[in-house]
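Notes to accompany the following structure.
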2 protein chains.
Amino acid sequence: MLTDADSTAPAVTLELIAREAGVSPSTVSRILNGTAKVSADKRLAVEQTIARFNFQPNAMARSLAKGQTYTIGVLTQFIESPFYGEALRGIEDALRRTAYSPLFVSGHWNLAEEEAKMRLLQGRRVDGVIVLTGRLGDEQLLDYAQRLPIVVTGRQLSGPRLVSVDVDDFHGAREATRHLIELGHTRIAFISGPADHPDANERLRGYRQAHVDAGLALVSELVVPADFMETGGMLAIQQLLESRQNFTAVFAANDQMAYGARLALYRRNLRVPDDISLVGYDDLPNSTYLMPPLTTVRQPVYEIGRLAAQAMLKLIAGEAAEIAAPPLELVVRESTRRVRH
Amino acid sequence: MLTDADSTAPAVTLELIAREAGVSPSTVSRILNGTAKVSADKRLAVEQTIARFNFQPNAMARSLAKGQTYTIGVLTQFIESPFYGEALRGIEDALRRTAYSPLFVSGHWNLAEEEAKMRLLQGRRVDGVIVLTGRLGDEQLLDYAQRLPIVVTGRQLSGPRLVSVDVDDFHGAREATRHLIELGHTRIAFISGPADHPDANERLRGYRQAHVDAGLALVSELVVPADFMETGGMLAIQQLLESRQNFTAVFAANDQMAYGARLALYRRNLRVPDDISLVGYDDLPNSTYLMPPLTTVRQPVYEIGRLAAQAMLKLIAGEAAEIAAPPLELVVRESTRRVRH
DNA sequence: CTGTTAGCGCTTTCAA
DNA sequence: TTGAAAGCGCTAACAG
């Protein structure tokens, strides 16, 4: 005898439901989609059989028939990133209670991989894709936008089916540096991001501009390149210390490097902020709990995610959309203080 | 005149490719899937037209025809969680270079939401789902497994199409506590997780057992409940201090609470580890950069993700699968030291 | 208000 | 080796 698990249960399809409820498939479809009025008795019958069979319509078939998948591709860089994670959460929240759901894929800051993922998303016929920064070229993006709506962060670009959001990193870095200068610091080290990273250069520019604004000399030995990772921050401090340059403050181009820098400083018995002031960039969730709590530039990543998803919904609806750049904000916590003379 | 963007471009389908290449749709399909031998010339012609039109087969149609989606649902709890993030990365890595790709959804530790997400995944006809802990009941899981393969973490359960991985939190917490005891601590505070959280209780049990093992008295005032969040850790320290109980060490049931505790201690001018030793649980990526670097119990989350995905692949292939529980490991860093007399 | 009839784009027998 | 034809499960005119 065959057990339930062994026998090939007949797939429960819309057609099965229709038959069991004594109506036509179209009627079931109408009820499912609210496409047209259906008499109360039939509706009841159908609803009951749906419940009885625990019927779950096949989204593939539905997509195929409608030419819409109700899914929005999201190209992030590292699925585990605490930074982009906030954006994903914003996207999820914006999509909750809509018919759409997100499909997350990661590109790992690698052009080829990002392209492959875009191909995957296109194959899956997503209704649009939100690109969280990354390395795809502007023309490439414009090109994708010929076929589907695109919302992209981290650059300024626009086109028929393409909207972008960008934050003003130049401004953010300039403000952060200015904060240090206002506290009396004149020898401020800068731990920079990868030279080929779009944001990294803007932040460096901001750091420099603040010096120019204040009539302060730029000391090239105080700018040390790193990789946006904690280890990079540690190495940078080491290099800075070995260079025997004086400095009373360190501005790291992102919080992760600031964390590394913090630890390296601790190892050398340099106190923050008493000996050295430290500033980060991003305001990762953890930065409130750094010791001491880190002064940093807050990026409204969650908000960006939310706005991006909302804009995408509009684009899909065929409406125009644009996203106002949400402002960066310097969050002064306890890792910076007036320089001691 | 119509521009390219305005005109309704004829969707590029497999049929179009076939026509353009002068072959039948079946031939194109065979080339795409490597399903059968195809003469070199036709293959070439087809490949060229595919390239020319930048053809991307419609995955929906494919899924519908094959009864397989080549996608694996992953039910995580918070998409932005640094902890589960590692598992997602493990899953991504394990799936790379296979035909499958993950579909991430989050349940937010909320039964109703997890159920809704499971329904979503079933509607999308995923070929299997990996459940990262959460609140679904055992019977529920077993029930899902009747319809599709399930791999679940954070519990011990097994069935026809269901495999689970679990770590021994009891053991982990016991070891961590023992470490403290070996350092001479006898009054060890414990910041516990939510009472209805599966892992939280195991960790509490471990903490208690270590005391019993060592013949140490259990002081109930030293156990304070919190919520697995940083704020909870802060509050717990406050409560502990206000209780005027003596303690020389704090064991937090997860790293996030340890972070909060660390900050609260700092605010009260209590030094770690000189005045108070601190131990966490999880070994989040950031814990290496805490100040001082945190002694904690390392959970092999990345590995668990990888193993889960590999097991899923086997289940899908109809093979048997099981996952050996990867061992927890006490990572002794700098937040603990011998008690001072 | 409801059923019938074509597809949506791909895979897969079945013949040739 | 290749093509014709049927079908995967659903939606959407089109009649009635």
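Numbers restart at 1 for each chain; the letters A, B, ... are given by sequence-line order, proteins then strands. Source: prediction; values computed, not measured.
- Donor-acceptor pairing under 3.5 Å is recorded for the side chains of A/Glu115 and A/Gln140.
- Minimum atom distance to the side chain of B/Asn58 is reached by C/dC10, of the listed D/dC10, D/dT2, C/dC10.
- Contact annotation: side chain of B/Arg125 to base of D/dG9, donor-acceptor pair absent below 3.5 Å.
- The B/Arg62 side chain lies nearest to C/dT11 when the options are D/dC10, D/dA12, C/dT11.
- Spacing between atom CE of A/Met60 and atom C1' of D/dG7 amounts to 18 Å, rounded to whole angstrom units.
- When each of C/dT11, D/dC10, D/dC14 is scored by its nearest atom to the side-chain atoms of B/Asn33, the top-ranked nucleotide is C/dT11.
- When the P atom of D/dT2 is taken as reference, atom CG of B/Leu32 falls 15 Å away, rounded to whole Å.
- Using a 4.0 Å heavy-atom distance criterion, B/Thr13 is classed as a sugar-phosphate-only contact.
- Put simply, NZ on A/Lys42 is 9 Å from C1' on C/dC1, counting in whole angstrom units.
- Listed nucleotides: D/dA12, C/dC10, C/dC1. Nearest to the side chain of B/Ala61: C/dC10.
- Counting only heavy atoms from C-beta on, A/Ala65 has its side chain closest to D/dT11 among D/dT11, C/dT11, D/dT2.
- At the heavy-atom level, B/Ser29 lies under 4.0 Å from base atoms of the strands shown.
- A/Ser26 comes within 4.0 angstrom of a base, heavy atoms only.
- Side-chain contact, B/Thr153 with B/Thr133: a donor N or O sits under 3.5 Å from an acceptor N or O.
- A donor-acceptor distance shorter than 3.5 angstrom exists from the side chain of A/Asn33 to the backbone of A/Ser29, with no hydrogens or angles considered.
- B/Phe53 has its CZ atom 15 Å from the P atom of C/dG9, to the nearest Å.
- Listed candidates were C/dT2, D/dG9, C/dT11. Nearest to the side chain of A/Leu64 is D/dG9.
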